[in-house]
2 protein chains.
Amino acid sequence: MLKITRKVEYALIALRHMQAKDPEGLTSAKEIATHYGIPKQLLAKTLQQMARDNIIQAVQGPTGGYRIRANLGKISLKDFFERLEGPLGMMDCFFESDCIQINACNIRVPIQRINDNMRDMFSKMTLMEVTQ
Amino acid sequence: MLKITRKVEYALIALRHMQAKDPEGLTSAKEIATHYGIPKQLLAKTLQQMARDNIIQAVQGPTGGYRIRANLGKISLKDFFERLEGPLGMMDCFFESDCIQINACNIRVPIQRINDNMRDMFSKMTLMEVTQ
DNA sequence: ATAAATACGATTAAAATTGTCGTATTTATT
DNA sequence: AATAAATACGACAATTTTAATCGTATTTAT
Ligand code: SF4
Ligand code: SF4
């Protein structure tokens with residue numbers, strides 16, 4: 001309940017690692033995976049996803065790797081979470097309309113309000129707060 | 001990711017239903033289950049759990065049911081969530097110590113800070129905000 | 001040519017959530 | 001006393017989501 005995914009954690013670990021290291025130089029998926037004990041393939045896919053989202057830049061070939069591309073102080077945690085995991089809502093009816101209870105539901109409005117609070121909170125935090 | 005459980009939703013629906021109705025009278029699990037299309041057994045177990053936690057009061061026998069016992073304005077959402085689902089943390093290391101990354105992890109402290117923010121937020125909201 | 005890296009869809013494995021079953025107990029009603 | 005309608009609750013099963021792996025292709029420095 002209310003947990004972030006491993007994928008997001010791995011992404012954050014990688015970003016912080018790259019930022020702490022030489023922000024200009026390249027870091028391979030292998031280096032991060034072995035250093036933190038993260039499954040390499042899974043981390044690689046996550047890094048690739050971040051590369052597609054222009055959060056990091058990928059360089060192929062041997063001596064290749066990734067480096068941070070975006071300004072981490074300008075990406076909110078909400079945006080980051082949503083880029084990696086899709087729409088951010090505490091309840092199904094926020095992004096799907098096939099909840100069986102949706103017609104009779106008596107908590108939809110109040111729960112939306114709470115969800116707004118949560119999204120607001122993550123909108124006000126940036127990636128930088130995690131990575132530095 | 002960051003979703004509340006169905007169990008919590010069902011509990012909230014039930015509480016709101018009971019509060020909107022006669023707060024003195026009894027409401028059966030069956031009534032709520034059929035009215036909102038919630039699996040009866042699952043709802044019953046959730047109501048029983050709330051009864052054990054003294055949030056509601058259970059009355060057995062035919063004509064039995066549940067009524068609200070606690071002051072919903074004095075129970076925070078954080079406490080409510082934790083009574084139903086256990087410790088509330090975005091990441092495993094908040095309540096378990098067997099995360100493989102825990103020693104090398106470079107985001108544990110910042111993620112704890114974010115988690116504190118989330119818990120704070122839910123600490124400042126009460127059940128009443130959902131049920132009324 | 002080789003090797004080391006990224007790229008990525010498909011598949012499998014594991015875990016968490018959600019729902020059901022079976023049985024016991026309580027108690028108002030008849 | 002018998003019945004029926006309700007709560008009580010542990011065990012189990014089904015479903016869904018998350019996590020991890022596999023296989024293959026592409027890029028590029030050496
Ligand atoms: S809030 Fe109500 S409608 Fe929305 S997902 Fe939950 S039960 Fe369904
Ligand atoms: S923050 Fe780090 S130590 Fe905590 S659960 Fe996530 S990976 Fe493990």
Side-chain angles (χ1 to χ4, degrees), chain A residues 1-11 13-14 18 25-34 36-53 56-67 69 81 84-87 89-92 95-96 98-101, chain B residues 1-11 13-14 18 25-34 36-53 56-67 69 81 84-87 89-92 95-96 98-101:
Chain A
M1 162 128 163
L2 292 171
K3 291 212 300 192
I4 58 176
T5 62
R6 233 47 182 159
K7 187 164 106 181
V8 164
E9 285 199 322
Y10 296 160
I13 287 173
M18 286 189 275
L26 291 170
T27 307
S28 71
K30 187 182 180 183
E31 172 183 329
I32 299 172
T34 57
Y36 298 97
I38 299 172
K40 180 185 155 190
Q41 299 258 51
L42 183 52
L43 175 64
K45 287 213 309 192
T46 305
L47 291 167
Q48 285 155 26
Q49 191 174 350
M50 285 199 286
R52 282 194 298 271
D53 287 338
I56 59 181
Q57 179 195 4
V59 174
Q60 286 193 321
T63 77
Y66 305 89
R67 71 164 61 89
R69 157 172 283 179
F81 290 163
L84 288 183
E85 299 287 356
M90 295 195 320
M91 63 293 178
D92 286 348
F95 35 80
E96 285 173 9
D98 61 352
C99 172
I100 301 175
Q101 284 83 25
Chain B
M1 160 126 162
L2 291 171
K3 292 212 301 191
I4 58 176
T5 63
R6 237 39 185 163
K7 189 164 106 182
V8 164
E9 286 199 321
Y10 295 161
I13 288 173
M18 287 190 274
L26 292 170
T27 308
S28 72
K30 187 181 180 182
E31 173 183 329
I32 299 173
T34 58
Y36 296 97
I38 299 172
K40 181 185 155 189
Q41 300 258 53
L42 183 52
L43 175 64
K45 286 212 308 191
T46 305
L47 291 166
Q48 284 155 27
Q49 191 175 350
M50 285 199 285
R52 281 195 297 272
D53 286 338
I56 59 181
Q57 178 194 6
V59 175
Q60 286 193 320
T63 76
Y66 304 88
R67 70 165 62 88
R69 157 172 283 178
F81 290 163
L84 287 183
E85 300 287 356
M90 297 196 318
M91 63 293 178
D92 285 350
F95 35 82
E96 285 173 10
D98 59 351
C99 171
I100 301 174
Q101 284 82 25

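We name chains A, B, ... by the order of the sequence lines, and we start the count at 1 in each one. All values reported here derive from a predicted model rather than from experimental measurement. Just the heavy atoms: all of them, side chains too, but no hydrogens, waters or symmetry mates, feed the values below.
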Rounding to an integer number of Å, can you tell me how far [X] [atom1] sits from [N] [atom2]?
| X | N | atom1 | atom2 | result |
| --- | --- | --- | --- | --- |
| Leu43(B) | dA6(D) | CG | C1' | 13 Å |
| Leu84(B) | dT18(C) | CG | C1' | 15 Å |
| Gln57(B) | dT7(D) | CD | P | 13 Å |
| Glu31(A) | dA4(C) | CD | P | 16 Å |
| Ile38(B) | dG19(C) | CD1 | P | 9 Å |
| Asp92(A) | dT17(C) | CG | P | 13 Å |
| Leu26(A) | dA4(C) | CG | C1' | 13 Å |
| Leu2(B) | dT17(D) | CG | P | 15 Å |

*asked:* Determine whether a donor-acceptor pair (N or O, by modelled atom type, separation under 3.5 Å) exists between the side chain of Gln49(B) and the backbone of Leu84(B).
replied: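 At least one qualifying donor-acceptor pair exists.
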*Given DNA chain D, 5'-ward residue of the pair Thr63(A) and Lys40(B), judged by closest heavy atom*: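 Checking each residue's closest nucleotide, the 5'-ward one belongs to Lys40(B).
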*asked:* Taking the nucleotide of DNA chain C with the nearest heavy atom to each, does Gln60(B) or Glu96(B) sit closer to the 5' end?
replied: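 Taking each residue's closest nucleotide, the earlier one in sequence belongs to Glu96(B).
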_On DNA chain C, does the nearest nucleotide to Gln48(A) precede the nearest nucleotide to Lys45(A) from the 5' side, or the other way round? Give the residue._
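Its nearest nucleotide lies further toward 5', so the answer is Gln48(A).
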With both distances under 3.5 angstrom, what nucleotide forms a Watson-Crick or G-U wobble pair with [N]?
| N | result |
| --- | --- |
| dT21(D) | dA10(C) |
| dA11(D) | dT20(C) |
| dA4(D) | dT27(C) |

*Go through Tyr66(A) and Gln48(A) one step at a time and tell me if the side chain to side chain contact (heavy atoms under 4.5 Å, CB included) criterion holds.*
CA-CA 9 Å; Tyr66(A) 305 89; Gln48(A) 285 155 26; 3.6 Å; yes
Does OP1 or OP2 of [N] have a side-chain N or O of [X] closer than 4.0 Å?
| X | N | result |
| --- | --- | --- |
| Tyr10(B) | dT18(C) | no |
| Arg52(A) | dA7(C) | no |
| Tyr66(B) | dA6(D) | no |

*Between Ser28(B) and Lys40(B), does a side chain to side chain contact (heavy atoms under 4.5 Å, CB included) hold up when you go through it step by step?*
CA-CA 10 Å; Ser28(B) 72; Lys40(B) 181 185 155 189; over 6 Å; no
The side chain of [X] is closest to which nucleotide in this list: [options]?
| X | options | result |
| --- | --- | --- |
| Leu42(B) | dA19(D), dG19(C), dA3(C) | dG19(C) |
| Arg6(B) | dG19(C), dA20(D), dT27(C) | dG19(C) |
| Ser28(A) | dT6(C), dT18(D), dT27(C) | dT6(C) |
| Pro39(B) | dT18(D), dT20(C), dA4(D) | dT20(C) |

_Under 4.0 Å, counting only non-hydrogen atoms across every strand here, what does Ala58(A) touch: a base, just sugar-phosphate, or nothing?_
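Sugar-phosphate, no base atom in range.
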*Give one of base, sugar-phosphate or nothing for Ala29(A), where a contact means two heavy atoms less than 4.0 Å apart.*
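Sugar-phosphate contact only.
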*Show your working on side chain to side chain contact (heavy atoms under 4.5 Å, CB included) between Met91(A) and Thr5(B) and close with a plain yes or no.*
CA-CA 8 Å; Met91(A) 63 293 178; Thr5(B) 63; over 6 Å; no
*Does the side chain of Gln101(B) reach to within under 4.5 Å of the side chain of Ile38(A), using non-hydrogen atoms?*
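Gln101(B) reaches Ile38(A) side chain to side chain.
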*Is there a side-chain contact between Met1(B) and Lys3(A) (heavy atoms, below 4.5 Å)?*
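Side chain of Met1(B) against side chain of Lys3(A), heavy atoms only: no contact under 4.5 Å found.
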